[in-house]
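The next block holds one structure in the form of structure tokens; read it before the comments.
Throughout, a chain's letter reflects where its sequence line sits, starting with A, and its residues are numbered from 1.
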Amino acid sequence: MSDSYDFKSIERKWQDYWSERNLFHVERREDKPKFYYLDMYPYPSGELHMGHVRNYIIGDAFARFKTMHGFNVLHPMGWDSLGLPTENAAIKFDVHPIEWTARCVRNMKQQFDRLGISYDWSREVDTSDPEYYGWTQWLFLQLFKNGLAYRGPGMVNWCSQCATVLANEQVVNGCCERCDTVVERTTREQWFFRITEYAEKLLEDLELLDRWPERVVKMQEHWIGKSRGFSFSVDIEGYDEQMEVFTTRIDTVYGVTFMVLAPEHPLVRTLTEGTEREEEVRDYTRAAMAQSFIDRTSDDTEKTGVFTGAYATHPMTGERVPIWVANYVMMDYGTGAIMAVPAHDQRDFDFARKYDIPVVPVITPEGEELDGEMMTEAYVEDGMQINSGEFSGQPNREALEQIADTLEECGIGHRDVSYRLRDWCISRQRYWGAPIPVIYCDNCGTVPVPEEDLPVQLPEDVEFRVTGSSPLSQNEEFMNVQCPRCGGQGRREADTMDTFVYSAWYYLRYPSPHEDEAPFNREDVDYWLPVDQYVGGIEHATGHLMYSRFITKVLHDLGWVGFREPFASLFTQGMVYKDGAKMSKSRGNVVTPDEINDRYGADTGRLFSLFVGPPDQDTEWNDEGVVGSHRFLWRVWRLATENLEHYESDYAAALPEEGTQSQRAMRRKTHQTAMKVTDDLEGMRFNTAVAAIMELSNDLGDFAGAMAADDTADRAVFSEGLTYLIALLSPITPHICDELWARMGREPSLFECEWPPAQDELAREEAVTIVVQVNGKVRDNVEVAADTEMDAVVPIALASERLAKYIEGKDVVKTITVPGKLINFVVK
RNA sequence: GCCGGAGUGGCGGAACUGGCAGACGCACCAGACUCAAAAUCUGGCGGGGCUAAUUACCCCGUGCGGGUUCGAAUCCCGCCUCCGGCACCA
């Protein structure tokens, strides 16, 4: 062992040591409180960059800290390997996704290990493993059996080139991210999970998430988008059918001057088929549907529409109300049809003005007359009801309730709630996913695959590069299957499941990753779950996190788990930018951990990742900053190795009872740092924890420089300081700390050591500086013993020479004192 | 438009429930060591004024404008800018 900080061999040495001792493996145990720390698993892209690394270092430092602090910490990792990103990469590099995944996983796992991350690899989960996705299929079957999975028509993003449905995030500027084809919004038969059934529960239980970031809760709340209103049906002249509309403003019903259907609404066809308007309307709806996606991104798409020729009957007045089709009504919200009240809704107003439809005000602001012809914008505030039959003359909010009562009594409609949340489309017409475990039989219809036949294996020999239809449908061997019910000829479902399905339950698998009788072992799940701390990117606020909550609730209601929320506490880490852009492979601005490891070592990369700034905020990568972190580790290295002969591992007995002033100050700093670091790590404030450790290191360096080598008390104080320094630093830079720990004659690994206890009485200041202000401006300060009463400090402060010129010849009208902090004289 | 978040030195960022703004680090400057450089160590480092210069001292300063308070980066009101999310939600 040389005296130089040879990080390469040190890091390799300790990584080997940890892995040989199987240090990071955990089991259930009752003698310690459990702690489940979970990082969102990555999709195996093949290479980590410092953006990911920051995230995983946060987790590792925290998990190590918790372990040392006495918790039984579950800290697992796995791979989100099934899905489009992997399939696309495989196509690009012309490899089979199985091979590609294996390669990427191998490399990334090595990268994780080189960073010294304390994962329990015996619990590794890989979603592309049939063991895993078989249980995902099992999950599908449970939802299916309970009416929560269904096949039906739904609005989807369809790329005709790739012949697949695209998730919203795969649509960029209205085009397919892969081939740039304009994406169509169309209706196709797809498999859905009925997440809307859980809209209310998902909303209500947000209250339980008091340790989630406020903004994530807000985003989910908004995403669910609950609004209370009224639904009712109106008759259509000359047709048997009725048209159902939803409104939040039933008080404005007397102001209805037209009705609007979304272009996709099935009634559009019914009402125009065979009429003279058929062609015009058909042309319009086609154009509207084709443009709708691209135009959605532009700020104010012009409202356009066309009259269907049909009339509805006003539910209160019996008047004829024309029915229009317009692009500003969306099929996937409410009923896809609205009652339009131009006087009191800005969108309806704009539309009415454009097409010369009458504007009839039914609510007026206090002391004002509204004239439908003269209005320049809709009046959307509250006011008095007018032109509203028996309801005229009262405040609109009261009228709203009465009109609702009346309509309910007549059986025309009912109070209703509408959600923005849509059902979750889980079908993908792609290869690299778990086959949806369903068989179609001419006799029996849609038949679920029996649980004992799971997993439905994804065949390897499939041409997945083709575009045109679901790749699996071309594999006859896979497709042809006996109907499990009648034994006749059946065909398998050729679609696979969406990536988000696998990730919606993976956290339940880690506690018992090898369980083969069930998706998870109930006892293990009961012990470890809910996740105590979940960490990941904010981009998953409304996707993954919503789906996971949903699946947990379903499993709860079916009796499979005992809790309703999977993640007790959530932390969203910031992204790493470089050259002003998010660090990503496609931008070519990545810094990889390998580069950092080679030049400075993993510990330096770890330290810098945590020191750059608050972990929940975005940060800019800075090459110079890394050097600073590296320098700090060198300083620690020298501080320890150059003073080894002064170090006593058995220092406790030699600690001075009273001690000199500098000894007391050193011990104070040591214990203050222990307090601060403990507190900061608990709150994941790594940047300030590191700063505090640096201060301790600086002070300890000064102390070491000044101490008398033969003074046992000095040596004991130094030894205590160094012991604390290395232990406090060890969750952050574990390799160098274990190495120094061993050289200090202590038993590694620090991972198994106790967290250094902070002693309050030693950390307490003996003297405090009292700031002396005159009229709020600092003019002096005085140093007094910490326990001095403020009353005793006032005369000392008043006697100050520096103060003299500010108070001379003036009256002290008021004296404000803050114990241990300051005195402020208010003078006139 | 609505909902979040953020604006502090040249830079990243500190500052507990209102109490010395700028911890810690980077960059920079000066000095020591060196033939020299690197590394390392020591000191300095918000702006302005006063001073021959130093010490001391004074004024200003946390996006902008008001306010509350003995005292505001922190609380309140009104704006501006940037970032993120949602967006014709009936």
Summary of protein contacts for nucleotides 9-16 of chain B, nucleotide by nucleotide, where a base hit scores B, a sugar-phosphate-only hit scores S (4.0 Å, heavy atoms)
---BSS-B

For the side chain of [X], counting heavy atoms from C-beta on, which of [options] is nearest?
X	options	value
A:Ile338	B:C86, B:A90, B:C70	B:A90
A:Glu695	B:C3, B:A23, B:C60	B:A23
A:Tyr806	B:C88, B:A27, B:C58	B:C58
A:Asn327	B:G71, B:C88, B:C26	B:C88
A:Arg215	B:G4, B:A87, B:A23	B:G4
A:Arg638	B:U40, B:G19, B:C86	B:U40
A:Ile816	B:C70, B:A23, B:G25	B:C70
A:Phe246	B:G19, B:A23, B:A90	B:A90
A:Thr769	B:C26, B:G19, B:C20	B:C20
A:Ser227	B:C88, B:A87, B:A90	B:A90

Just how far, in rounded Å, is [atom2] of [N] from [atom1] of [X]?
X	N	atom1	atom2	value
A:Leu400	B:A90	CG	P	13 Å
A:Asp616	B:G5	CG	C1'	10 Å
A:Met219	B:C83	CE	C1'	13 Å
A:Gln220	B:G85	CD	P	16 Å
A:Glu221	B:C86	CD	C1'	13 Å

Taking a pair as Watson-Crick or G-U wobble with both distances under 3.5 Å, which nucleotide is matched to B:C11?
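Paired with B:G25.
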
Could you check which nucleotide pairs with B:C2 in any of the strands shown, counting Watson-Crick or G-U wobble with both distances under 3.5 Å?
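Its partner is B:G85 (Watson-Crick or G-U wobble, both distances under 3.5 Å).
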
Measuring centre to centre across the rings, with the benzene-like ring taken for any Trp, is A:Trp424 within less than 6.0 Å of A:Phe500?
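Not close enough - the centres of the two rings lie 6.0 Å or further apart.
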
Ring center gap for A:Phe608 and A:Trp621 short of 6.0 angstrom
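Yes - the distance between ring centres of A:Phe608 and A:Trp621 falls below the 6.0 Å cut-off.
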
Any donor-acceptor pair under 3.5 Å linking the side chain of A:Asn775 with the backbone of A:Val827?
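Yes: the side chain of A:Asn775 pairs with the backbone of A:Val827.
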
At under 4.0 Å between heavy atoms, what does [X] touch on the DNA or RNA strands: base, sugar-phosphate, or nothing?
X	answer
A:Gly628	sugar-phosphate
A:Asp348	nothing
A:Arg635	sugar-phosphate
A:Lys777	sugar-phosphate
A:Val329	base

Just to verify, which of A:Phe349, A:Phe307, A:Phe258, A:Trp324 counts as forming a ring pair (Phe, Tyr, Trp, His ring centres under 6.0 Å) with A:Tyr355?
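Exactly one option meets the ring pair (Phe, Tyr, Trp, His ring centres under 6.0 Å) with A:Tyr355, and it is A:Trp324.
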
Do A:Tyr5 and A:Thr641 meet the criterion of a side-chain donor-acceptor pair at a distance under 3.5 Å?
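A:Tyr5 vs A:Thr641: no donor-acceptor pair found between side chains.
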
If only side-chain N and O atoms count, and only distance matters, is there a donor-acceptor pair under 3.5 Å linking A:Asn781 with A:Thr769?
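Distance-only check fails for A:Thr769 and A:Asn781.
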
Fit a plane to each ring of A:Phe351 and A:Tyr328, take the angle between them on a 0 to 90° scale, and name the class: parallel (under 30°), tilted (30 to 60°) or perpendicular (over 60°).
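The arrangement is tilted - the two ring planes meet at 30° to 60°.
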
Base of B:G49 relative to its sugar, syn (within 90° of 0) or anti?
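That one's anti.
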
Can you tell me if A:Glu783 has over 12 outside heavy atoms packed within less than 6.0 Å of its CD?
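More than 12 within 6.0 Å, yes.
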
Does the base of B:C88 carry an N or O that pairs as donor and acceptor with the side chain of A:Lys303 under 3.5 Å?
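A donor-acceptor contact between them is present.
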
